[in-house]
Amino acid sequence: MAAAGKKLAVLVALLALLVGPSAGLLGSGPGCSVYVGWPVPVILRSLICGILGQPYTPPIWRAEPTGAGLSVGYYNNPNNTNSYCPGAEAAVRKAVENAIYQQGRGIGAGLIRLFFHDAFVRGCDASVLLRSTALAGSDTEMEGPPNKDSLRGFEVIDAAKAATKAACGGRNVVSCADILAFAARDASDILSGGRISFPVMAGRYDGRESFANETVQLPGPDSSLQELQMMFAAQGLSSADMVTLSGAHSIGRARCLFFTGRLSAMDPDYARRLNETCNGTGSPNNRVDQDPVTPDVLDNHYYKNIDKFVLFRSDAVLVSSPATKQQVDVNMANPSRWESDFAAAMVKMGNIGVKTARVPGQTEIRDVCWRVNA
């Protein structure tokens, strides 16, 4: 009883510490993970796992991504006899164009985010697309707190997969991981009006496992600058990459859940409008544009919004250090510089943890992107 009382006291103390901007413990799978920068209500339900002594799941640290084993024009190279399919990239592009035309430009923002959330967990292996696996069951990355009821664009990837098969004469030669990379590239190009365009190296294989608790690798909207830098560094990305890629928040929409706690730090008139949309804190799933000025364009206006007109603490903190503020100022003043840097950072992110060989039981080219091959 005494031991139980001590554990309860510790729990109460930890709960008190969690009523603030940082993260806490969340149990998912065999161990416990520390989720950084995500809202307290999401993580309270599983805090007990750490108190009961389950093992902590630490972040996975990677070397700087090089893209070794990948190549530009991979499917256009006739020497790659098993994967030669010169129409593959065009097929993905058409699927993305169709989706944006039919659903609006927000789906393009969703594809960029889907690519980011895949890259930061197990590397660029399309693990974010899996609905179930042998070891995780249905508790895959889709069910992780940063992803659940949040990611979008899965049906676009499915359509692109079908389109590549048709373009390749019915052959299953284009990996879902490559399709994700192509789709994010094409969405960036379309949403920026052609100002952000870059070649994508390909040759990735798809992974066969996906775990909800590994979404611990993803920074949250309430992350501090130090937390952001640590989590990007864990993927082999620099602080400069972090500031550059944050510019993706110039497009897309966000749920009230993730920013209502920051309203007092925003421009008063803007905060009032946001508060009306969110009904105070009564409608946490209502959504607003991330950029109130150019919401449908992937551009550098994000940097002009910092810090009074950005939604997330993780955005506002980019001006909290001299080095990152200097980069924000440069990006604000020089849109072409940011566009070029964003393209380079997207290429670098696409090289994280890539799998470039078929390993039985570990890698494959999935026939259907949301399930592993039989």
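We count residues from 1, following the sequence as given.
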**OP:** Identify the heavy atoms of P199 and V347 that sit nearest to each other, and give their distance.
**Re:** O-CG2, 3.7 Å
Original post:
Hey, would you say the Y270 and F309 ring centroids sit under 6.0 Å apart?
Top reply: yes
**OP:** Could you list the residues that satisfy salt bridge (Lys or Arg N to Asp or Glu O under 4.0 Å) with K325, not counting sequence neighbours?
**Re:** D329
Original post:
Under the side chain to side chain donor-acceptor pair (under 3.5 Å) criterion, do T277 and N286 qualify, and how do the steps go?
Top reply: CA-CA 7 Å; T277 300; N286 283 2; over 6 Å; no
Subject >> Listed once per pair and sorted, the side chain to side chain donor-acceptor pair (under 3.5 Å) pairs that draw on residues 237-248, sequence neighbours left out >> reply: Q229-S239, S238-D241, D241-K348, T244-Q327
Original post:
Are V354 and V72 connected in the hydrophobic side-chain network, where two residues link if heavy atoms are under 4.5 Å apart?
Top reply: yes
**OP:** Would you please name every residue forming a salt bridge (Lys or Arg N to Asp or Glu O under 4.0 Å) with D307, sequence neighbours left out?
**Re:** none
**OP:** Could you please spell out the steps behind the side chain to side chain donor-acceptor pair (under 3.5 Å) verdict for S150 and N147?
**Re:** CA-CA 5 Å; S150 176; N147 294 340; over 6 Å; no
Subject >> Residue pairs, two or more places apart or on separate chains, that pass salt bridge (Lys or Arg N to Asp or Glu O under 4.0 Å) and touch residues 147-159 >> reply: E143-K148
Original post:
What ring pair (Phe, Tyr, Trp, His ring centres under 6.0 Å) pairs are there with at least one residue in residues 346-374, not counting sequence neighbours?
Top reply: none
Subject >> Partners passing salt bridge (Lys or Arg N to Asp or Glu O under 4.0 Å) against R371 (at least two apart in sequence or in another chain) >> reply: none
**OP:** Take Y205 and E364 through the test side chain to side chain contact (heavy atoms under 4.5 Å, CB included) and record every step on the way to the result.
**Re:** CA-CA 6 Å; Y205 278 78; E364 62 190 11; 5.7 Å; no
Original post:
Please walk me through it: do I365 and V174 pass side chain to side chain contact (heavy atoms under 4.5 Å, CB included)?
Top reply: CA-CA 7 Å; I365 296 177; V174 184; 5.9 Å; no
**OP:** Please check if the side chain of R366 supplies one atom and the backbone of A177 the other of a donor-acceptor pair under 3.5 Å.
**Re:** no
Subject >> Qualifying residues under disulfide bond (SG atoms under 2.5 Å apart), relative to C176, sequence neighbours excluded >> reply: C369
Original post:
Which residue pairs pass the salt bridge (Lys or Arg N to Asp or Glu O under 4.0 Å) test when at least one of the two sits in residues 122-135, sequence neighbours left out?
Top reply: R122-E214, D125-K355
Original post:
Does the salt bridge (charged side-chain N to carboxylate O under 4.0 Å, His left out) test come out yes or no for D178 and R204, once each step is laid out?
Top reply: CA-CA 6 Å; D178 279 346; R204 300 168 185 81; 2.8 Å; yes
**OP:** Among V121, L151, T215, find the residue that satisfies the side chain to side chain contact (heavy atoms under 4.5 Å, CB included) test when tested with V128.
**Re:** L151
Subject >> side chain to side chain contact (heavy atoms under 4.5 Å, CB included) between I157 and L114, worked out >> reply: CA-CA 10 Å; I157 302 303; L114 192 61; 4.0 Å; yes
Original post:
Which residue pairs pass the ring pair (Phe, Tyr, Trp, His ring centres under 6.0 Å) test when at least one of the two sits in residues 130-149, sequence neighbours left out?
Top reply: none
**OP:** Could you pull out all residues at least two apart from T81 that satisfy side-chain contact (heavy atoms from CB on, under 4.5 Å)?
**Re:** none
Original post:
For the residue pair F232 and F120, does the interplanar ring angle fall in the parallel (under 30°), tilted (30 to 60°) or perpendicular (over 60°) class?
Top reply: perpendicular
Subject >> Summary of ring pair (Phe, Tyr, Trp, His ring centres under 6.0 Å) pairs that have at least one residue in residues 83-112, sequence neighbours excluded >> reply: none
Subject >> In one Ile/Leu/Val/Met/Phe/Trp/Tyr side-chain cluster, 4.5 Å: M201, V92 >> reply: no
**OP:** Provide the full list of salt bridge (Lys or Arg N to Asp or Glu O under 4.0 Å) pairs with a residue in residues 251-266, sequence neighbours left out, each pair given once.
**Re:** R253-D289
Subject >> Reported CG-to-CZ distance for the pair L111 and F116, which is rounded to 0.5 angstrom >> reply: 15.0 Å
Original post:
Have Y302 and N331 got a donor and an acceptor in their side chains that come within less than 3.5 Å?
Top reply: no
Subject >> Atom pair CG (L70) and OG1 (T66), whose distance is rounded to the nearest 0.5 Å >> reply: 8.0 Å
**OP:** Show the numbers, then the answer: is there a salt bridge (charged side-chain N to carboxylate O under 4.0 Å, His left out) between R93 and D189?
**Re:** CA-CA 10 Å; R93 170 78 183 211; D189 181 43; 2.6 Å; yes
